[in-house]
Every structure is written in C-alpha cells, then in structure tokens.
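What follows is a short report on a single structure.
This chain uses plain numbering: 1 for the first residue, then up along the sequence.
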Amino acid sequence: MFDLDPRLASDTFDVCALPLSRVLLMNDARYPWIILVPARPGLVELHDLTDDDYAVLSGEIRNASARMATLFRAHKMNVAALGNMVPQLHVHVIARQPEDAAWPAPVWGKGDAVPYEAAQAEERLRQIRDALDGL
C-alpha cells in the first residue's frame, strides 16, 4: 500500500493525482514548486520503477514541467530527484526566475521557507490544478 512520507505530507499541500503520481505543492511561497510522488509502495530510486512506470513518470515530469514553465513564465525549470532528506522517490519541479530568492543557486538550503498564507495557497493550488488539468 502506498503511503506518503510524513515529511512530504507536513511540508506540502495536495494538488491533484496524475495517472501515476500524486502532485504536491511545496509550502514555500518563494517559488512555484511542485513535487511528483509516484504512488507505488517502496520506491526509493528511479531505477526501482518498472519500465512502464518509468515511462509514465517521465511523461508526467515533462508535461508538468512544461505547464509550470508556461504558467509561471519561468526563465528556467529545475527538475530533480534528490532524496537525501526524504528517501521516498519524489521529483521536484520548480519554476525559477533570475529575481527569485536563491537564483542562480539551487533552492535547497537558501534561507528559510516562507509558508503560504491561506488565501495565497488556495490561489496557487487553483492555478496549478487548472494548468495540470487533463494530464
């Protein structure tokens, strides 16, 4: 049975479900930042996926990245599967701008997260759900 890692659950908002992945919004208003988590138990690394699930996840990453880039007029998209802090396989998709808080460095370890205010979170969730609709 698939269970979301407790740290991911506590640091994110639920956005939607794709055919393979659960999509989460990172609770850091500094960046448009989603996380795709393949809804399969026991996955740690990309090579743990079946060939079919790997192909599906690759498509979900590509499509989510393209839609996030368009929605947020990203200068650059950062896509990464690190897993150093949370071992459960998950993929970060972050729309970046030269004026963002960490540019040009990676977002990890750059300052403290700025949690969304309730109304701001609802609006960001609506935007992303609309953008990912139909994937």
Sequence neighbours excluded, which residues qualify as side chain to side chain donor-acceptor pair (under 3.5 Å) partners of [X]?
X      : answer
Gln127 : Arg124
Gln88  : none
Arg126 : Glu123, Asp130

Applying ring pair (Phe, Tyr, Trp, His ring centres under 6.0 Å) as the test, list every pair that has at least one member in residues 114-135; sequence neighbours left out. none
Only pairs at least two apart or in different chains count here, so list each ring pair (Phe, Tyr, Trp, His ring centres under 6.0 Å) that has a residue in residues 35-89.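 Every ring pair (Phe, Tyr, Trp, His ring centres under 6.0 Å) pair that includes a residue of residues 35-89, provided the two are not neighbours, is His75-Trp103.
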Sequence neighbours left out, cut at 3.5 Å: what donor-acceptor pairs do the side chains of residues 106-114 make with other protein atoms?
none

Arg67: partners by salt bridge (Lys or Arg N to Asp or Glu O under 4.0 Å), with sequence neighbours left out: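 For Arg67, no residue satisfies salt bridge (Lys or Arg N to Asp or Glu O under 4.0 Å) once neighbours in sequence are set aside.
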Salt bridge (Lys or Arg N to Asp or Glu O under 4.0 Å) partners of Asp14, counting only residues at least two apart: Arg22
Tell me every residue that passes side-chain contact (heavy atoms from CB on, under 4.5 Å) with Asp53, counting only those two or more places apart in sequence or in another chain. Leu20, Arg40, Leu49, Thr50
Counterpart residues, side-chain contact (heavy atoms from CB on, under 4.5 Å), relative to Leu125 (two or more places apart):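 Leu125 satisfies side-chain contact (heavy atoms from CB on, under 4.5 Å) with Phe13, Val15, Leu25, Glu122, Arg129 once adjacent residues are dropped.
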What residue pairs, at least two apart or across chains, pass salt bridge (Lys or Arg N to Asp or Glu O under 4.0 Å) with a residue in residues 89-99? Arg96-Asp100
Taken in chain and number order and not counting sequence neighbours, the residues that satisfy ring pair (Phe, Tyr, Trp, His ring centres under 6.0 Å) with His90 are His92
